[in-house]
Asks: 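There's a structure below that I have some questions on.
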2 protein chains.
Amino acid sequence: MRRAGLQTITDFLPTQSGEGLSPGTYSTPKDRAVDQVDTGYLQSLLGYNARRAALSIIENFVAGMAEFELRPVDFSVLSVIHHNPGITSRQLCATLSIQPPNLVGMVHRMQQRKLISRLPHPHDGRAMGLHLTPEGLSMAQRAEQKAFKLEEKSAERLNPAERSQLIQLLQKIYL
Amino acid sequence: MRRAGLQTITDFLPTQSGEGLSPGTYSTPKDRAVDQVDTGYLQSLLGYNARRAALSIIENFVAGMAEFELRPVDFSVLSVIHHNPGITSRQLCATLSIQPPNLVGMVHRMQQRKLISRLPHPHDGRAMGLHLTPEGLSMAQRAEQKAFKLEEKSAERLNPAERSQLIQLLQKIYL
DNA sequence: TATTGTTATACTCTATAACTATA
DNA sequence: TATAGTTATAGAGTATAACAATA
């Protein structure tokens with residue numbers, strides 16, 4: 001299964017922070033072994049750190065949400081419907097940057113699990129409104145509670161002020 | 001191609017920050033349309049923000065590195081070899097959390113592009129040391145310079161102190 | 001017996017094209 | 001003509017199993 005693969009890095013990257021390391025030239029002795037790998041340069045890159053931290057949190061999240069059989073994306077879908085009853089597939093896709101064809105299966109499976117129901121849209125005959133069933137609501141509430149505990153675990157080395165500042169800084173990047 | 005897909009969310013998630021929103025119960029009128037999607041809950045989750053920020057940076061990075069034909073992972077491989085000449089495939093895999101079979105092709109392609117060379121390991125006949133060619137060194141230097149510019153762009157709304165604090169906080173999550 | 005590098009391969013995720021029904 | 005939802009499908013990423021060569 002690929003979900004465990006979220007711990008893999010494969011995507012990461014960028015560039016130097018304010019006082020970062022110099023990209024300078026390195027002498028390359030071709031006959032010496034590397035005993036300790038120097039990751040200092042990558043660790044000076046914001047993108048590398050963001051990716052690594054995100055993967056760490058996701059890994060923890062995946063493990064903790066296994067009991068509900070919810071992948072991160074499933075949790076998000078459930079949660080967005082929870083807080084936006086009647087939302088359409090299209091709105092959900094726009095909100096979570098999911099391609100419409102890729103949402104179809106997720107919604108279908110959640111419907112089979114009796115977590116969500118699709119009702120006619122009040123004034124658009126093409127669309128369907130997504131709602132939680134009582135079971136879905138119960139699971140959303142329990143999953144959100146669990147998510148809170150998992151977040152506490154991931155951020156255990158941050159105090160409340162740091163945690164909220166971290167979120168603020170992250171939002172300055174992408175919002 | 002999938003690289004563009006990095007803007008897709010699919011993975012995100014977690015839980016509530018210190019003073020986050022209440023997961024509480026919501027009334028669900030089944031006959032009303034959603035006009036404005038409320039993303040407040042997800043935005044209170046550290047993991048969601050980390051994932052979104054990482055994707056934003058990656059998207060910017062992918063676009064900016066296109067001129068070098070380097071994906072983020074290629075950049076990281078090149079950069080780690082740059083700063084650790086003679087590193088083995090195995091060490092590289094451990095450093096970047098790449099599965100060994102998935103590194104083979106990357107190394108092979110970079111070798112074909114004359115960016116890296118593989119030399120016998122000084123005291124382990126099974127292993128090969130990875131080194132940059134002169135062309136590889138030149139590209140690593142230029143790419144790292146470009147990465148710095150791209151990072152400045154991604155973090156343009158952060159001052160130097162905020163940028164370095166963001167990195168510190170991220171490292172408290174995963175290190 | 002364990003490890004390095006490798007091949008082959010399966011599975012998951014993501015994107016695009018094209019269709020239908022309705023607006 | 002444009003949009004919501006859908007089907008089919010291609011492509012990229014990631015994982016595991018198994019092997020030869022060397023430690």
Side-chain angles (χ1 to χ4, degrees), chain A residues 1-13 33-34 37 51 55 58-59 62 69-74 76-77 86-111 116-130, chain B residues 1-13 33-34 37 51 54-55 58-59 62 69-74 76-77 86-111 116 118-130:
Chain A
M1 61 120 167
R2 195 236 176 181
R3 220 7 83 164
L6 287 175
Q7 60 205 347
T8 302
I9 270 290
T10 224
D11 304 311
F12 41 85
L13 34 114
V34 172
V37 179
R51 174 73 176 157
L55 287 176
I58 288 168
E59 185 179 12
V62 168
E69 296 184 79
L70 291 177
R71 300 168 306 163
V73 66
D74 298 320
S76 296
V77 166
I87 191 174
T88 67
S89 290
R90 220 59 195 209
Q91 289 176 307
L92 200 47
C93 284
T95 301
L96 297 177
S97 299
I98 297 172
Q99 298 303 315
N102 299 332
L103 183 66
V104 174
M106 303 182 208
V107 166
H108 187 65
R109 279 186 294 275
M110 288 187 170
Q111 219 176 346
I116 67 180
S117 63
R118 290 163 24 110
L119 277 59
H121 190 279
H123 52 266
D124 188 336
R126 300 168 300 181
M128 301 286 283
L130 302 175
Chain B
M1 63 117 162
R2 195 234 175 183
R3 222 4 88 163
L6 286 175
Q7 59 207 348
T8 302
I9 272 291
T10 226
D11 304 311
F12 44 85
L13 33 114
V34 171
V37 178
R51 174 73 176 156
L55 287 176
I58 288 167
E59 186 178 12
V62 168
E69 295 184 79
L70 292 176
R71 300 167 306 163
V73 66
D74 299 320
S76 296
V77 166
I87 192 174
T88 67
S89 290
R90 221 60 194 205
Q91 289 176 307
L92 200 46
C93 284
T95 301
L96 297 178
S97 300
I98 297 172
Q99 297 304 314
N102 299 332
L103 183 66
V104 175
M106 302 182 210
V107 166
H108 187 65
R109 278 186 294 275
M110 286 187 170
Q111 219 176 347
I116 67 180
R118 291 162 25 110
L119 277 58
H121 190 278
H123 51 267
D124 187 336
R126 300 168 300 181
M128 301 287 282
L130 302 174

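Computed from a prediction, not measured in an experiment: that's the story for all the values here. Quick note on labels: first sequence line is chain A, next is B, and so on, each numbered from 1.
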Asks: Please tell me if B:R90 has a side-chain N or O lying less than 4.0 Å from either OP1 or OP2 of D:dA23.
Replies: no

Asks: Using whole Å, report how far CZ of A:R51 lies from C1' of D:dG13.
Replies: 10 Å

Asks: In this structure, how many angstroms lie between the C1' atom of D:dG5 and the CG atom of A:L92, rounded?
Replies: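 In whole Å, D:dG5 C1' lies 13 Å from A:L92 CG.
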
Asks: Report yes if a donor N or O on one partner sits less than 3.5 Å from an acceptor N or O on the other, where the partners are the side chain of A:R126 and the base of D:dT3; otherwise report no.
Replies: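 Yes, a donor-acceptor pair under 3.5 Å.
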
Asks: Measure from CE on A:M106 to C1' on D:dG5 and round the result to the nearest Å.
Replies: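 Going from CE in A:M106 over to C1' in D:dG5 covers 15 Å.
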
Asks: For the pair made of NE2 in B:H123 and C1' in C:dT3, what is the distance, rounded to whole Å?
Replies: 14 Å

Asks: Using whole Å, report how far CD1 of A:I87 lies from C1' of D:dA4.
Replies: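 That distance rounds to 14 Å.
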
Asks: Could you state the CG-P distance from A:N102 to D:dA10, rounded to the nearest angstrom?
Replies: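 One finds 15 Å between P of D:dA10 and CG of A:N102, rounded.
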
Asks: When you measure from the side chain of B:S89, which nucleotide among D:dT7, D:dG5, C:dG5 comes out closest?
Replies: C:dG5

Asks: Nearest whole angstrom, please: distance from the P of C:dT3 to the CG of B:L103.
Replies: 19 Å

Asks: Roughly how many Å is it from CD in A:Q99 to C1' in C:dT12, rounded to a whole number?
Replies: 16 Å

Asks: Given side chains that start at C-beta, do those of A:S89 and A:M128 come closer than 4.5 Å, heavy atoms only?
Replies: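 The answer is no; the side chains never approach within 4.5 Å.
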
Asks: Under a 3.5 Å distance rule, please check whether A:Q91 uses its side chain to pair with a backbone N or O of B:V34 as donor and acceptor.
Replies: yes

Asks: By nearest atom, which of the nucleotides D:dT6, C:dG5, C:dT6 is closest to the B:P100 side chain?
Replies: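 Per side-chain heavy atoms of B:P100, the pick is C:dT6.
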
Asks: Establish, with yes or no, whether the OP1 or OP2 oxygen of D:dG13 is under 4.0 angstrom from a side-chain nitrogen or oxygen of B:R71.
Replies: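 So the side-chain polar atoms of B:R71 do come within 4.0 Å of the phosphate oxygens OP1 or OP2 of D:dG13, strictly under.
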
Asks: Side-chain contact, heavy-atom cut-off 4.5 Å: A:M106 with A:Q111?
Replies: no

Asks: Compare every heavy atom of B:P122 with every heavy atom of A:A33, then report the nearest pair and how far apart it is.
Replies: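 Taking A:A33 first and B:P122 second, the nearest heavy atoms are N-CG, 3.6 Å.
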
Asks: Which heavy atom of A:I98 sits nearest a heavy atom of A:V73, and at what distance?
Replies: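 Shortest heavy-atom separation between A:I98 and A:V73 comes out as CD1-CG2, 3.9 Å.
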
Asks: Would you say the base of D:dA4 and the side-chain of A:D124 have a donor-acceptor pair closer than 3.5 Å?
Replies: no

